[in-house]
Trainee: 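Please read through the structure below; I'll follow up with questions.
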Amino acid sequence: MTRASAHPTPSGRVVVENCAIATVDARDTEYASGHVVVHGNTIESVGPGPAPRDLQGVVRRVDGTGHLATPGLVNTHHHFYQWLTRGLATDHKLFDWLVALYPAWARIDERMAHAAARGSLAMMARGGVTTAVDHHYVFPRGAGDLSGAVIRAAAELGVRFTLARGSMDRGESDGGLPPDFAVETLDEALAATEATIDEHHDASFASMTRIAVAPCSPFSVSTELLRQGAELARRKGVRLHTHGSETVEEERYCRELFGMGPTDYLASAGWLGEDVWMAHCVHMNDSDVEVFARTGTGVAHCPSSNARLGAGIARVTDMLEAGIPVGLGVDGTASNEAGELHTELRNALLVSRLGPHRETALTTRQALRLGTYGGARVLGRHESIGSLEPGKLADLVLWKLDGLGHASIADPVAALVLGPAAPVTLSLVNGRPVVEDGRLRTADEDEIARSTRDEARRLARLARGD
Ligand code: ZN
């Protein structure tokens, strides 16, 4: 059994103090100046003022003056491989964009998947993400162990990780959107997904690697793959993830092919419940919102991608009011080239205020909650991550807010959410430093930049048939 054990659990106590703190606990407790004590991989205490002076075994003391400490950001939806196809089909909507990109995606191999995952993870980690999801659904024949490559990359960078093992089995000849050469068979997809769970899924409290069952979307997957995928996930006790209700075209596709909208269709295949989260959910009617709330189905809100592809504005405040778990997602970097979660905090707030419900639009605190605790809840990990509270895992970020971009904003949460992307002075994942002074500690950013450039060029050459 392979486990993400590249980074041993740290020992001793790390003290962070003299910083503002937004705990994102149930009461949104904040401290203008406070401390966090980390012991090993666990948060031991959080409170106002400096840490107690008589603590034993302190291996490091961080002066957080001019900083804000928050829980690490949680990215609930992404497609890492797209790091190699950024900036293409820049003026297309979803279906045309997919059709333009499938041929290139069908050429990826293990080396590309590994490089792209490192690029995606490095960008996110440097911007304060401590937990990430990769929804990977392109598995060309003979491409090598793509799932293993992505999981290895997350372990190398030290980011807490869920691989949503995706799949597509509805090619063009079955009425689907992807070309036939880009899809697996039903049996291949199910067998490979089960093998990935058996090899890599770790259900423990401090798990660094989890697997979810994640057929891609209603227009690229057979009903049978959805149905049997749901059965597999429940038999194995893992979560279920897919795309849903992203565009009006998808709505039309589902009505024409299945005689119902995406939510009813997915429900008919067993795809609602507390163990399910769906990306986008832009085109939800009142009944869809009600059934998501009643079943506890979660939503990965991806405002930048939805804007980039002209998909629309999700009803996030209605979802929150109804009690639906909502987190944020970068989505793939072919539809959100920035590839960082800070942009999503900001854009979730801005887009919400452009929607039809301006009076109840998102607040800055809600935006931060979506990107932290909300994401943890969507991934079913809110008992262990998502807020700064004693007993939780030490996933935290210290944002530098005393520089040019933020120093004139008195409210640190407003500075973080509304200001430019704040430099990360320190991020801990499972108690381990992943970023220090704005640079990755676990990998060489320049080497990653070079290898992703080289692999993107190699993919472009293969796609052109050179
Ligand atoms: Zn997506």
Side-chain angles (χ1 to χ4, degrees), residues 74-86 88-89 92-102 104-105 108 113 116-117 120-121 123-124 129 132-139 146 150 161-168 170 176-178 182 212-221 226 229 239-247 249-251 253 262 266 271 276-284 297-314 316 326-341 343-344 347-348 351 375 378-379:
V74 178
N75 178 33
T76 60
H77 183 70
H78 205 301
H79 311 289
F80 290 178
Y81 71 91
Q82 292 182 8
W83 193 259
L84 304 185
T85 59
R86 298 158 81 205
L88 302 175
H92 291 36
K93 286 190 177 175
L94 178 70
F95 278 14
D96 294 338
W97 173 87
L98 284 168
V99 168
L101 290 170
Y102 281 138
W105 294 344
I108 59 165
S120 297
L121 285 159
M123 193 67 212
M124 281 188 287
V129 167
V133 170
D134 179 21
H135 184 189
H136 188 99
Y137 53 83
V138 185
F139 291 91
L146 303 188
V150 170
F161 182 55
T162 294
L163 174 66
R165 204 291 181 185
S167 46
M168 302 193 293
R170 189 192 286 274
L177 202 63
V213 176
C216 186
S217 63
F219 50 84
S220 60
V221 165
L226 284 170
R239 297 180 82 75
L240 298 82
H241 180 50
T242 192
H243 294 97
S245 303
E246 184 172 357
T247 63
E249 290 81 7
E250 177 191 333
E251 171 94 20
Y253 179 94
L266 288 163
W271 275 76
V276 181
W277 87 103
M278 268 182 230
H280 305 305
C281 302
V282 173
H283 298 279
M284 301 265 279
T297 307
V299 171
H301 175 44
C302 307
S304 298
S305 172
N306 296 155
R308 160 82 153 80
L309 295 173
I313 299 174
V316 172
V326 183
L328 294 178
V330 165
D331 205 0
T333 46
S335 65
N336 179 5
E337 278 76 358
E340 56 174 10
L341 207 71
T343 325
E344 304 315 299
N347 285 352
V351 161
V378 160
L379 299 183

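Just so you know, residue 1 is the first one in the sequence shown, and it goes up from there. Counting convention: from 1, in listed order, for ligands and their atoms alike.
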Trainee: Is it the case that the side chain of R170 and the backbone of V221 share a donor-acceptor pair, with hydrogens and angles ignored and the cut-off at 3.5 Å?
Mentor: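 Yes, the answer is positive, given that a donor and an acceptor are paired below the 3.5 Å cut-off.
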Trainee: Is the shortest heavy-atom distance from the side chain of H135 to the side chain of H243 under 4.5 Å?
Mentor: yes
Trainee: Taking side chain to side chain donor-acceptor pair (under 3.5 Å) as the criterion, tell me which of N347, T343, D331 meets it with S304.
Mentor: N347
Trainee: Is it true that H79 and Y137 have ring centroids separated by less than 6.0 Å?
Mentor: yes
Trainee: What do the steps show when you test L341 against M124 for side-chain contact (heavy atoms from CB on, under 4.5 Å), and what is the final call?
Mentor: CA-CA 7 Å; L341 207 71; M124 281 188 287; 5.9 Å; no
Trainee: How many protein N, O or S atoms are found at a distance of less than 2.8 Å from the Zn ion (ligand 1)?
Mentor: 4
Trainee: Run the side chain to side chain donor-acceptor pair (under 3.5 Å) test against H78 and tell me which residues pass, sequence neighbours left out.
Mentor: none
